[in-house]
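Note sheet for the following structure.
Sequence lines set the chain letters: A, B, ... in the order given, protein chains first and strands last, and positions in each chain run from 1. FYI, side chains are in, hydrogens and waters are out, and symmetry mates aren't considered; it's all heavy atoms of this structure.
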Protein chains: 2
Amino acid sequence: MARTAGSHSDITGPKVRDTALRLFARHGYAAVSMRKIAGEVGVQVGALYNYTSDKQTLLFSLLKGHMDELLAQRAAHATATTPMARLEEFVRFHIAFHLDRPEAVFISYMELRNLEPANFDEIEALRRTYEDELETILRDGTAAAEFAVPDTRLATFAVIAMLTGVNTWYRAGGRLSSADVQDIYWNMVRRAVAA
Amino acid sequence: MARTAGSHSDITGPKVRDTALRLFARHGYAAVSMRKIAGEVGVQVGALYNYTSDKQTLLFSLLKGHMDELLAQRAAHATATTPMARLEEFVRFHIAFHLDRPEAVFISYMELRNLEPANFDEIEALRRTYEDELETILRDGTAAAEFAVPDTRLATFAVIAMLTGVNTWYRAGGRLSSADVQDIYWNMVRRAVAA
DNA sequence: GTCTATAAGGTGATAGAC
DNA sequence: GTCTATCACCTTATAGAC
């Protein structure tokens, strides 16, 4: 990893991504210019193009990175075996993961429509993979009579929406910790689906 | 209501609002130019300014109209008396109202950040008024031992998020009617909060 | 790797004719 | 009420110097 004299790629690169993530989350992709990103990073606009081929690719890269990490972390944390235990694990993981990175979560939902079709399809497929794990848990639990869920697809949507909604109101440093929120939401989810 | 010769305000006015609503919902407020709206409406850009003082006011007006209608319709439909019946009525109303106008719902959530502070505060106050009715129902039901909800504020957020999430997947003409969805979601909400 | 300068075109909003 | 023309500015992206 030799470092070219005068180069700052190991500093500027991550800074560009962090800055873009923050600005896209706060103001929206369409409302944030490459000049604004460059200004926050502390470089001129031309320098940004050393780190992304264009603005669209920058957005896609942020969303792709987020979804890849979601699936990787989820796979690393899946250890339970019974449907009830798997559901609790999923609920707690989802809340913890999403509360940890509110900006990435926000743009991954809000900026989907600003992805070019091919990029959109790729992100959607990853999101679908994640949701399918929850649906499988709900179907397995229904088959085992642990759950009473008449429509597992709708229940999947309902649970995901309820859990992701935490990000709209939760503020770190408030009266509740992530663990508190996990307890309360798990209690509601359990009762909503339990036989 | 005399009509000036050559004037079309009674046609163009609503058309500007409908077009802006549709384009903002599809592409986002920042990505839609006044020229694009004018083009879809079938007028030149200067004509738009007979119907709105500026682009920001157009967005605000759409969101304000949506929230006013939400609160008016809700008030008109509130007839139940027991907490359980009031909750069921609220759940069914919320789904029916939101499925009826997906574009207005979408921009009312997605474009909040593009409102100027004073406009944002006004819309937020209306949304808060709506949410407070649900929280009151949950608190009354908990006091009456019909519900077992340890944290009524969080339960309010959870229920609203779950219900509004219907709009992300529901498509008119699919396998389920609005009434079907209401039945399924009411069943989940009831079990999540019932004592 | 970063800079400056530039290309080619889009932006919200207004003035004044009809 | 709608049109055309215009203002002042911002946009993404690239070329070439250092």
Side-chain angles (χ1 to χ4, degrees), chain A residues 1-21 23-24 26-63 107 111 113-119, chain B residues 1-21 23-24 26-63 107 111 113-119:
Chain A
M1 284 288 197
R3 174 120 171 266
T4 305
S7 131
H8 302 283
S9 69
D10 50 348
I11 297 172
T12 306
K15 213 169 165 187
V16 167
R17 293 175 60 84
D18 292 350
T19 302
L21 178 66
L23 292 180
F24 288 165
R26 192 166 305 173
H27 306 289
Y29 172 76
V32 175
S33 67
M34 295 297 271
R35 271 175 181 73
K36 278 183 202 135
I37 296 171
E40 294 272 324
V41 170
V43 296
Q44 294 301 313
V45 64
L48 293 183
Y49 292 87
N50 289 313
Y51 303 97
T52 182
S53 55
D54 52 35
K55 192 186 176 192
Q56 167 72 204
T57 303
L58 179 54
L59 175 64
F60 173 68
S61 166
L62 292 172
L63 267 57
I107 69 164
E111 304 300 351
R113 64 179 164 191
N114 285 309
L115 290 176
E116 288 167 4
N119 290 339
Chain B
M1 285 287 199
R3 175 119 170 268
T4 306
S7 132
H8 302 282
S9 68
D10 50 346
I11 296 172
T12 307
K15 211 169 167 188
V16 167
R17 293 174 60 83
D18 292 350
T19 302
L21 179 66
L23 291 180
F24 288 165
R26 193 166 306 173
H27 306 290
Y29 172 77
V32 174
S33 67
M34 295 299 271
R35 277 175 179 75
K36 277 183 203 135
I37 296 171
E40 294 271 324
V41 170
V43 296
Q44 294 301 313
V45 65
L48 293 182
Y49 290 87
N50 289 313
Y51 303 97
T52 183
S53 56
D54 52 35
K55 191 186 176 191
Q56 167 71 202
T57 303
L58 179 55
L59 175 64
F60 174 68
S61 165
L62 292 172
L63 267 57
I107 69 164
E111 304 300 350
R113 65 179 162 189
N114 285 309
L115 290 176
E116 288 166 4
N119 291 338

Side-chain heavy atoms of B:Met34 within contact of B:Tyr49, under 4.5 Å: yes
Pair of N/O donor and acceptor under 3.5 Å linking C:dG12 base with B:Arg35 side chain: yes
Nucleotide nearest [X] when distance is taken to its side chain, options [options]:
X	options	value
A:Lys36	D:dT11, D:dA13, D:dT6	D:dT11
A:Tyr49	C:dC3, D:dC3, D:dA13	D:dA13
B:Ser33	D:dA13, D:dT2, C:dT11	C:dT11
A:Lys55	C:dA13, D:dA13, C:dG1	D:dA13
B:Tyr51	C:dC3, D:dA13, D:dT2	D:dT2

Residue whose closest nucleotide on DNA chain D lies nearer the 5' end, B:Val43 versus A:Asp54: B:Val43
Figure out the [atom1]/[atom2] separation between [X] and [N], and round it to whole Å.
X	N	atom1	atom2	answer
B:Ile37	C:dG12	CD1	P	8 Å
A:Met34	C:dG10	CE	P	19 Å
A:Asn50	D:dG16	CG	P	16 Å
A:Leu48	D:dA13	CG	P	11 Å

[atom2] on [Y] to [atom1] on [X], rounded to 0.5 Å:
X	Y	atom1	atom2	answer
A:Leu58	A:Ile37	CG	CD1	5.5 Å
B:Leu21	B:Ile107	CG	CD1	5.0 Å
A:Thr52	A:Leu59	OG1	CG	9.5 Å

Distance below 4.0 Å between A:Thr12 side-chain N/O and C:dT2 OP1 or OP2: yes
Under 4.0 angstrom between A:Gln44 side-chain N/O and C:dT4 OP1 or OP2: yes
SB check B:Glu111 A:Arg113 (cutoff 4.0 Å): yes
Sugar-phosphate only, base, or nothing, as touched by A:Val32 at under 4.0 Å among non-hydrogen atoms: sugar-phosphate
